[in-house]
Chemist: 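One structure coming up, written as C-alpha cells, with questions to follow.
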Amino acid sequence: MQLYKEQTLKIHNTLSNSKEIFQPINDGHVGMYVCGPTVYSNVHLGNCRTFMSFDMIFRYLKHLGYKVRFVRNITDAGHLENDADEGEDKIAKKARLEQIEPMEVVQRYTVDFHNTLQKFNFLHPSIEPTATGHIIEQIEIIKDILEKGYAYEINGSVYFDVVKFNETNDYGKLSGRKLEDMIANTRALTAQSDKKNPQDFALWKKAEQQHIMRWPSPWGDGFPGWHLECTAMSTKYLGESFDIHGGGMDLKFPHHECEIAQAEASNGKSPVKYWMHANMLTLNGKKMAKSTGNNILPNEMFSGENKILSKPFAPSIVRFFMMQAHYASILDLSNDALLASEKGFHKLMDSFATLDNLETGTISGFEVSEWKQKCYNAMNDDFNTPILIAQLFDAVKHINLIKEGTISITDKDKTQLQQYMNTFVFDILGLENNNSSDADSDKLSGTVDLLIQLRNEARSNKDFATSDKIRDQLAVLGIQLKDGKEGTTFSLS
RNA sequence: GGCAUCGUGGCCGAGUGGCUAGGCGCAGCUCUGCAAAAGCUUGUACAGCGGUUCGAAUCCGCUCGAUGCCUCCA
C-alpha cells in the first residue's frame, strides 16, 4: 500500500517559510530527526507537546506508506547551563547537587521520559541515540571542521568560527537573522572569553579538574558542545542530507542554526530538506519552562496533584486536547479548555460503540468516501489535526443521525466508515479508548449494576423515593447513572 | 533595544479576498415519573484606525496589546 502516491502532502518548511509539497530525497523513504530531551529533570508537559507533534507526524508518514527512519536523540552530556565559559553541564550540575553519578541522573530521567511517553501512547522512534555514545563521531566532525578552517582551538577548547563561516555561507538563514545585526546588538561583553566573537559556539570544551564528565580528545580531556551531537548522530544514521529535521520553536536559534553551520562547514551540504518547528505550550499565557518554574508535569495532570487544574486528566484527554490545536500554533493550557476537550473526547469515543451497532440499509445518506478524502486533505495540509478532528465530529453527527433513523447507511459504507474512523483516531492521532476493566472495576460495576436493578424495580413500582435515593446517593459518591433507551449505564466523575 | 510571530463569537481553537471549521458553554426541542445523561437544531466573531479592491476578518500601512527568540530551554 503506497498511499503517498495518491495523497499530496504539504509541509511548512521553516527554511523557506512556506508550505512545500513533500518529496523525499529517496523515493518511498523518509529520514526524520527530532531533537530529544536533555535528561537532567522530569520531562514536562511542554516538552511532551513537541514530541507528540512529531509522533503524530511519524504516524501519518508511516500511514502513507513511507518507510520512515525516525531518529530522536537523548542528550546526556554537553548541554551547558549557559554559553559563558564558566557554564556548567546541566547533567553534571544535577549530579553534583544530588551527589550521584552523572549517569544515574541520565538513567533516572531517561526512564521517566520513556514512562511518560508510553502513557501518552507514543510510538518508539527507530533509533534513540545518546550523545555520550557518539563522542568519537563528534570528535571526528570537529577535526574535519578544524581542517577546513571553520574552527579554532584555544586553551583546550575548540570553537566554531561563525564570522569566517558567514563569509562563504549564510549564518542565520533559518531564523531570519543577519550576523552583522547580531554583532551590532551584542549586549554585555563576556568578561574573559576565549572566543573570538560572542557568536562563536563551542564544539569542544576543556574539562576543568573538578569536572566529572570528561573524555579524552586530541585537544585534551573535555566534553562536546551541545549543538554537535545532533549533527553527529543525524549524519551517522540519516546521511549528510536528510528529509525532515524537527524540534521545538525555541531551538530554531541558535541550536538549529548551529547544526546547519556545522554540517555545511564539514561536508559542504545543506543537511536538511524540510525544517519543522513545533510551537510552545503555554501555561497562564506564558511559556512553559523548567527554568522559570512555570510548568506542570504529566504525572501531576494524570493524578490531579497540582494547583492549576480542578481534576485529574487522563493521558488520552491531554493528547486529544493537544491535537485540537495545530502543531505550529501556540497552545495555552487551561482548566476550562481541558474540560471542554474531555467532553468532546468522550463524545468521539462513544460514537465507536454506536457505529458498531448501527443497522444498515440500502442507501447511504452520508458520503463516506468523500468524507474520507476530506480527512486526508486535512492531514495533507501540513498535518492539520484540528481540521481532521472537525471532520471526525462531522462523522459522529452522521453516525447519530443514522442511529436515530433520520438517514441510513449501506453495509459497505458502514464498514468503510469503521475502518477509517479507526485509522484516523487511533493510528494517526494516536488516541486510546481506555475502557480499563481490571478486577476492581469489575467488582464495582457488578455492585452498581445491582443497585441499578434495585432502582429499576422501585421505579416500576412507582416508588420514586427509593429510586431517587439510589440515584442521588450514588451521585454523591461520584457515580452518575445514565438512563438511555437500552437501559441504564453509569460513569465515574 | 534588535528580530519574529500573533491578536477570531462566553471559553478553547481552525480557516479564508466573496460560499458562516469544529469542540465546550448558553438557548430551544426529543427522550424521561421528574431529572441527569445522550441526541438533534440553533444564535453571537474576526483588536483599533486608515488604504487597495466591485467586495476584506483575510492583502498593505499605522496604532495599541500579547507572546517567543536574541543567554539554558521542546
Side-chain angles (χ1 to χ4, degrees), chain A residues 17 34-38 40-41 43-54 79-84 87-88 90 172 175-178 181-182 184-188 190 198-199 226 246-255 277-282 285-292 295 320-321 324-326 328-348 350 354 374 378 381 384-394 396-397 399-401 403-404 406 459-460 462-464 467-468 471-472 475 480-485 488-491:
Chain A
N17 198 29
V34 171
C35 293
T38 301
Y40 69 103
S41 67
V43 64
H44 70 69
L45 207 60
N47 299 307
C48 292
R49 156 124 116 137
T50 295
F51 300 132
M52 194 182 289
S53 297
F54 289 102
H79 201 156
L80 302 185
E81 280 286 300
N82 56 59
D83 202 28
E88 190 173 6
K90 288 187 176 200
S175 53
R177 286 157 208 259
K178 298 245 168 291
D181 294 346
M182 285 190 264
N185 286 311
T186 303
R187 288 187 295 197
T190 319
Q199 281 69 34
W226 174 42
M249 201 71 97
D250 49 349
L251 297 186
K252 204 198 294 188
F253 186 89
H255 184 56
H277 289 95
N279 218 323
M280 300 293 101
L281 180 70
T282 60
K286 290 262 192 282
K287 180 187 168 185
M288 210 178 270
K290 291 171 191 169
S291 53
T292 59
N295 70 69
F320 182 70
F321 165 72
Q324 275 185 304
H326 187 89
S329 296
I330 293 170
L331 173 64
D332 191 49
L333 184 90
S334 69
N335 196 55
D336 285 352
L338 280 165
L339 286 171
S341 287
E342 182 173 42
K343 293 200 81 168
F345 176 76
H346 288 309
K347 183 176 176 176
L348 181 61
D350 289 348
T354 312
K374 281 183 188 165
D381 187 11
N384 199 322
T385 52
I387 295 283
L388 170 63
I389 290 171
Q391 294 303 333
L392 296 176
F393 277 108
D394 188 49
V396 171
K397 192 173 90 177
I399 288 167
N400 288 325
L401 287 172
K403 184 194 175 193
E404 285 194 352
T406 311
R459 289 173 76 198
S460 56
K462 302 236 190 285
D463 178 7
F464 297 124
S467 68
D468 287 356
R471 179 222 282 163
D472 297 342
Q480 189 191 27
L481 298 187
K482 299 174 176 181
D483 295 329
K485 254 183 187 167
T488 304
T489 57
F490 72 95
S491 70

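So that the names make sense, note that chain A is the first sequence line, chain B the second, and so on, each numbered from 1. Bear in mind that the values here come from a model prediction, so they are computed numbers and not experimental data.
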Chemist: What base-paired stems does RNA chain B take part in, with at least 3 consecutive Watson-Crick or G-U wobble pairs and both distances under 3.5 Å?
Modeler: B:1-7 with B:64-70, B:10-12 with B:22-24, B:27-30 with B:38-41, B:47-51 with B:59-63

Chemist: To the nearest Å, give me how far apart CG (A/Asn17) and P (B/rC3) are.
Modeler: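 Atom CG in A/Asn17 sits about 16 Å away from atom P in B/rC3.
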
Chemist: B/rA66 and B/rC24: how far apart are their P atoms, nearest whole angstrom?
Modeler: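 Approximately 32 Å lies between the P atom of B/rA66 and that of B/rC24.
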
Chemist: Summarise how protein sits on nucleotides 28-40 of chain B as a single string, 5' to 3': B when a protein heavy atom is under 4.0 Å from the base, S for sugar-phosphate-only contact, - for no contact.
Modeler: ----SBBBBB-SS

Chemist: Considering only the P atoms, how many Å lie between B/rU58 and B/rU16, rounded to the nearest integer?
Modeler: 13 Å

Chemist: Decide yes or no on side chain to side chain donor-acceptor pair (under 3.5 Å) for A/Ser329 and A/Asn279, but give the supporting numbers first.
Modeler: CA-CA 5 Å; A/Ser329 296; A/Asn279 218 323; over 6 Å; no

Chemist: Measure the distance from NZ on A/Lys178 to C1' on B/rA4 and round it to the nearest whole Å.
Modeler: 14 Å

Chemist: Side chain of A/Arg177: nearest nucleotide among B/rC69, B/rG22, B/rA74?
Modeler: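 The nucleotide sitting nearest to the side chain is B/rC69.
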
Chemist: Side-chain contact test, heavy atoms from C-beta onward, threshold under 4.5 Å: evaluate it for A/Thr282 versus A/Met288 and give yes or no.
Modeler: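 Answer no - side chains too far apart.
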
Chemist: Could you measure between the two P atoms, the one in B/rG43 and the one in B/rC19, and give it in whole Å?
Modeler: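 The answer is 15 Å between these two P atoms.
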
Chemist: Would you measure the distance from the P atom in B/rG55 across to the matching atom in B/rG50 and give it in whole Å?
Modeler: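 16 Å, rounded to whole Å.
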
Chemist: Cationic tip of A/Arg459 within the cone over A/Phe464's six-membered ring, i.e. under 6.0 Å and within 45° of the normal?
Modeler: no

Chemist: Phosphate oxygens OP1/OP2 of B/rU67: is one of them under 4.0 Å from a side-chain N or O of A/Lys286?
Modeler: yes

Chemist: Should A/Lys482 and A/Phe490 count as side-chain neighbours, where that means a heavy-atom distance under 4.5 Å?
Modeler: no

Chemist: What interatomic distance, in whole Å, is found between C1' of B/rG48 and the corresponding atom of B/rA56?
Modeler: 16 Å

Chemist: Taking atom P of B/rC6 as reference, at what distance in whole Å does atom CG of A/Asn279 sit?
Modeler: 10 Å

Chemist: Could you go through the side chain to side chain contact (heavy atoms under 4.5 Å, CB included) check for A/Lys287 and A/Asp250 one step at a time?
Modeler: CA-CA 10 Å; A/Lys287 180 187 168 185; A/Asp250 49 349; 3.5 Å; yes

Chemist: Can you tell me how far P of B/rU67 sits from CE of A/Met288, to the nearest Å?
Modeler: 15 Å

Chemist: Rounded to whole angstroms, how far apart are CG on A/Leu338 and P on B/rG25?
Modeler: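 In whole Å, B/rG25 P lies 15 Å from A/Leu338 CG.
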
Chemist: Inspect the surroundings of NZ in A/Lys403 and state if more than 12 heavy atoms from other residues, nucleotides or ligands are less than 6.0 Å away.
Modeler: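 No, because the 6.0 Å sphere around NZ of A/Lys403 holds 12 heavy atoms or fewer from other groups.
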
Chemist: Find out whether A/Lys252 and A/Met249 are in side-chain contact, i.e. whether some heavy atom of one side chain is under 4.5 Å from a heavy atom of the other.
Modeler: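 Sidechains of A/Met249 and A/Lys252: in contact.
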
Chemist: Could you state the atom-to-atom distance from NE2 of A/His277 to P of B/rU67 in whole Å?
Modeler: 22 Å

Chemist: Is the shortest side-chain heavy-atom distance between A/Asp381 and A/Ile387 below 4.5 Å?
Modeler: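 The answer is no, as the side chains (C-beta and beyond) never meet within the 4.5 Å cut-off.
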
Chemist: Apply side chain to side chain donor-acceptor pair (under 3.5 Å) to the pair A/Thr385 and A/Gln324, showing each step before the final yes or no.
Modeler: CA-CA 6 Å; A/Thr385 52; A/Gln324 275 185 304; over 6 Å; no

Chemist: Roughly how far apart, to the nearest Å, are B/rU20 and B/rG28 at atom P?
Modeler: 26 Å

Chemist: Measure NZ/A/Lys90 against P/B/rU71 and give the value in whole Å, please.
Modeler: 15 Å

Chemist: Could you work out the separation of B/rC60 and B/rU53 based on their P atoms and round it to a whole Å?
Modeler: 16 Å

Chemist: For A/Lys252 and A/Ala340, find the nucleotide of RNA chain B closest to each by heavy atoms; which residue's nucleotide sits nearer the 5' end?
Modeler: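 Closest to the 5' end, via its nearest nucleotide, is A/Lys252.
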
Chemist: Could you work out the separation of B/rA47 and B/rC11 based on their P atoms and round it to a whole Å?
Modeler: 14 Å

Chemist: When the ring planes of A/Phe393 and A/Phe320 are compared, do they come out parallel, tilted or perpendicular, using 30° and 60° as the limits?
Modeler: perpendicular

Chemist: Could you measure the distance from the OG atom of A/Ser175 to the CE atom of A/Met182? Nearest 0.5 Å is fine.
Modeler: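 It is 6.0 Å, given to the nearest 0.5 Å.
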
Chemist: Between A/Gly36 and A/Pro254, which has a closest nucleotide on RNA chain B that is more 5'?
Modeler: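 Nearest-nucleotide comparison on RNA chain B picks A/Pro254.
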
Chemist: Output the rounded distance in Å from CG (A/Asp250) to C1' (B/rC69).
Modeler: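 Computing the A/Asp250:CG to B/rC69:C1' distance gives 9 Å.
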
Chemist: Salt bridge check: are A/Asp468 and A/Arg471 linked by an N-O gap of less than 4.0 Å?
Modeler: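 A salt bridge links A/Asp468 with A/Arg471.
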
Chemist: For nucleotides 12-21 of chain B, just jot down a letter per nucleotide in 5' to 3' order: B, S or -, based on protein non-hydrogen atoms under 4.0 Å.
Modeler: SSSS-----B

